Amino acid sequence: QVQLVESGGGLVQAGGSLKLSCAASGRSTSNYGMGWFRQAPGKEREFVATITWRGDITYYADSVKGRFTISRDNAKNTVYLQMNSLKPEDTAVYYCARSIISSGSRNGSEYNAWGQGTQVTVSL
């Protein structure tokens, strides 16, 4: 069984940057697509970004395209989310997840392992 632990969240001013990390332990995530999701207070969880197992293809939600970058280091069993030009509407708990398919997915139901989440707060 894999355990996913996110880190790197915090409080940042609008326009600033943060880099989230998701470290996997227990079982390798190298053969699986990975994704980032977020959930703001009172809202449903939403897709942010996903990456294939090789790290060669990525997909983003329209709301973060051009500002966020997902990447992975399979040797370190770690996935990253670089977030630039942050906006107050990016405030949420961010979760990383392991997909059941190697290409990753925008659909949360196609993930079978989730981290506990890390809070990102963007102030004006």
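As the structure is a prediction and not an experimental result, all values here were calculated from the model.
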Take Lys19 and Met83 through the side chain to side chain contact (heavy atoms under 4.5 Å, CB included) test and state the conclusion after the steps.
-> CA-CA 6 Å; Lys19 186 173 184 177; Met83 306 185 295; over 6 Å; no
Verify side chain to side chain contact (heavy atoms under 4.5 Å, CB included) between Ser7 and Thr118, making sure each step is shown before the conclusion.
-> CA-CA 6 Å; Ser7 61; Thr118 185; 5.8 Å; no
Begin from the C-alpha positions of Tyr111 and Ile100 and carry the test side chain to side chain contact (heavy atoms under 4.5 Å, CB included) through to its verdict.
-> CA-CA 5 Å; Tyr111 290 79; Ile100 59 176; over 6 Å; no
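In this structure, the side chains of Lys65 and Arg67 stay at 4.5 Å or more apart for every pair of heavy atoms. Inter-residue side-chain proximity for Leu81 and Val48 is flagged as met; some heavy-atom pair is nearer than 4.5 Å.
Although no hydrogens or angles enter the test, the distance criterion places no donor-acceptor pair under 3.5 Å between the side chain of Ser102 and the main chain of Gly33. Remark: side-chain polar atoms of Thr91 are paired, donor with acceptor, to backbone N or O of Val122 under 3.5 angstrom. Here the side chain of Asp90 pairs no donor or acceptor atom with the backbone of Val120 at under 3.5 angstrom. Checked by atom type and distance alone, the side chain of Ser99 pairs as donor or acceptor with a backbone atom of Glu110 at under 3.5 Å. No side-chain donor-acceptor contact under 3.5 Å links Glu44 to the backbone of Gln39.
Between the side chains of Ser105 and Asn107, no donor-acceptor pair of N or O atoms lies under 3.5 Å. Side-chain contact check for Asn84 and Ser17: at least one donor-acceptor pair (N or O, by modelled atom type) lies under 3.5 Å.
Taking the ring centre of Trp114 as origin, the terminal cationic atom of Arg98 falls outside the region bounded by 6.0 Å and 45° from the ring axis.
Here the NZ-OG distance, from Lys87 to Ser63, works out to 8.0 Å after rounding to the nearest 0.5 Å.
Clustering ILVMFWY residues whenever any of their side-chain heavy atoms sit less than 4.5 angstrom apart, transitively, puts Val79 in a cluster other than the one holding Phe47.
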